[in-house]
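Here is the structure we will look at, set down as structure tokens.
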Amino acid sequence: MIEFTIWDILRNLLLATRWTIVLSLVSFIGGGLVGLALLFSRLSRRKWMRALAKYYIELFQGTPLLMQLFIAFFGLGLFGIDVPAWLAAGLALILWSAAFLGEIWRGCVEAIAKGQWEASASLGMGRLQQMRYVILPQAMRIAVPPTVGFSVQVIKGTALTSIIGFVELSKAGTVVTNATFQPFTVYGLVALIYFALCWPLSKSSQILERKLNVAHRNH
Amino acid sequence: MSLIEITDVRKSFGSNEVLKGINLDVEPGEVIAIIGKSGSGKSTLLRCINGLETISDGSIAVAGAQLLDDEAHLKALRLKVGMIFQQFNLFPHLTVGGNVMLSQLVVRKTPKPEAEAMARKMLERVGLDHKFHAYPDELSGGQQQRVAIARALAMQPIALLCDEITSALDPELVAEVLAVVRELAAEGMTLLMVTHEMKFARDVCSRVVFMHQGRVHEIGPPDEVFANPQTPELKQFLGVH
Ligand SMILES: Nc1ncnc2c1ncn2[C@@H]1O[C@H](COP(=O)(O)OP(=O)(O)OP(=O)(O)O)[C@@H](O)[C@H]1O
Ligand SMILES: [Mg+2]
């Protein structure tokens, strides 16, 4: 039997961590872009656009991420579309993140005083100008802590993609365990690596929140 | 032709009719005080003139152009009519200068140097050009309100709507804001102001509108309205018996 040192294990896990990070970044950035589109349609003057965004958000927030992954992976296969695991994983996570980010940001936009909309409207600005120059710059400040906080959920969410066969940190943990028969060591290390990724983010989210509360000055 | 023509304007919120047929013509250079009890529809009337509320019936025309509820018409209207609010509503993330320049830059697409020159001129008019680089939360309420006035003036409106612009201020700060308004009136700016400052209304305004339950209940020059109120409602409001 081959002996695996802890360094062998760690090296393999860290190599797979790259994919966790890539998938998290793709999901977060892609989700951010789609989330921005959702935010704008939630705030649109057109009723059907508001309704569309609302149902989208309710659908994706109201079903488990795991089911969304399964549907992206197996569901599209039914239509004869062969979906590789990485694509299904990326797609599902982007759509899922978008629903949450869109909703978080809507809350931030709605926290801006109504008077800001009215003053900018009375100066002749159109809706997009109001958003771009008056509302979003203020909403972005309060959006930073919850947005950074949500990125932790995205990283943890990527672990689920191991189930459809995408090889990231969790999947690598299973593979390495099967080869080494040291589940406790391996999953302990896996957990530590997740912690090393997530903890700085949660912590900075907390610090940012406190900073923004203390420094109530808006500039 | 009057500058602002308000004809049979009605406004309901759900089943609650707040404006019940308002008729009012405002001539260029007039200064009109709108007085009345809380809930009589004073703010709603001003907000309708600026298109912040859509009217349920009737018509409003400013300088001959009808107020219609689409973005192009609203924008055209708002370039003619500025509005000042009780709560100042300055943009907290921008400096004083930034506040006054913003809509010149993005709405009128004025080049930056010209927008800045205009901003400095308007801030000078309200006595605050030295605060160009300050942020709103570094100013007193009275100063913030004067910046709000400068911000509206920078768009070169032909009329200003003022909704209780001194009501949120500490008493000692009211005078500095009223002084600015007084000067605007003297320069011939058309003003419609909801106010509780009766002395100011008496001194400065050409006409006083008393609103009661969504109607113009009495209207006339301040001397008449204040000295010789006709209806029991106005008498009660003014506290004369
Ligand atoms: N957005 C709204 N939705 C529903 N009702 C409203 C709305 N805005 C105003 N109202 C109602 O319209 C009526 C008139 O309100 P308005 O603000 O015009 O009164 P006002 O004369 O300005 O009073 P105040 O002196 O207190 O400012 C009130 O009964 C108020 O409850
Ligand atoms: Mg009012």
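Lettering of chains follows the sequences in order, A, B, ..., and the numbering in each one begins at 1. Model, not experiment: these values are computed from the prediction.
- Interface residue R45(A): only side-chain heavy atoms are found under 4.5 Å from chain B.
- For M67(A), the CE atom is densely surrounded, since the number of other residues' heavy atoms within 6.0 Å is greater than 12.
- Within the 4.5 angstrom heavy-atom criterion, no atom of L77(B) approaches chain A.
- Around CZ of R50(A), the count of heavy atoms belonging to other residues, nucleotides or ligands within 6.0 Å exceeds 12.
- Residue M155(B) holds its CE atom at 6.5 Å from CG of L123(A), rounded to the nearest 0.5 Å.
- Taking K114(A), Q116(A), M125(A) one by one and counting their heavy-atom pairs under 4.5 Å with chain B, the maximum is reached by Q116(A).
- Taking both residues in full, the closest heavy atoms of G124(A) and K75(B) are given as O-CG, 3.3 Å, listed atom of the first, atom of the second, then distance.
- Per-residue counts of heavy-atom pairs under 4.5 Å with chain A were compared for T95(B), N50(B), L102(B); the largest is that of L102(B).
- Surrounding CD1 of I81(A) are more than 12 heavy atoms belonging to other residues, nucleotides or ligands, all under 6.0 Å away.
- Within the model, atoms CG of L79(B) and OG of S122(A) stand 10.5 Å from one another, a figure rounded to the nearest 0.5 Å.
- Closest non-hydrogen pair, L52(B) versus A121(A), comes out as CD2-CB, 4.1 Å.
- Contacts of F91(B) with chain A are made by both backbone and side-chain atoms, with heavy-atom separations under 4.5 Å.
- The environment of W19(A) atom CH2 is sparse: at most 12 non-hydrogen atoms of other residues, nucleotides or ligands sit within 6.0 angstrom.
- Residue L94(B) holds its CG atom at 11.5 Å from OH of Y133(A), rounded to the nearest 0.5 Å.
- More than 12 heavy atoms of other residues, nucleotides or ligands shown are found within 6.0 angstrom of CZ on F13(B).
- Contacts of R108(B) with chain A are absent, with no heavy-atom separation under 4.5 Å from either backbone or side chain.
- Formation of a donor-acceptor pair under 3.5 Å by the Q129(A) side chain with backbone atoms of V106(B) is found in this model.
- Taking a 6.0 Å sphere around CG of N16(B), one finds it holds more than 12 heavy atoms contributed by other residues, nucleotides or ligands.
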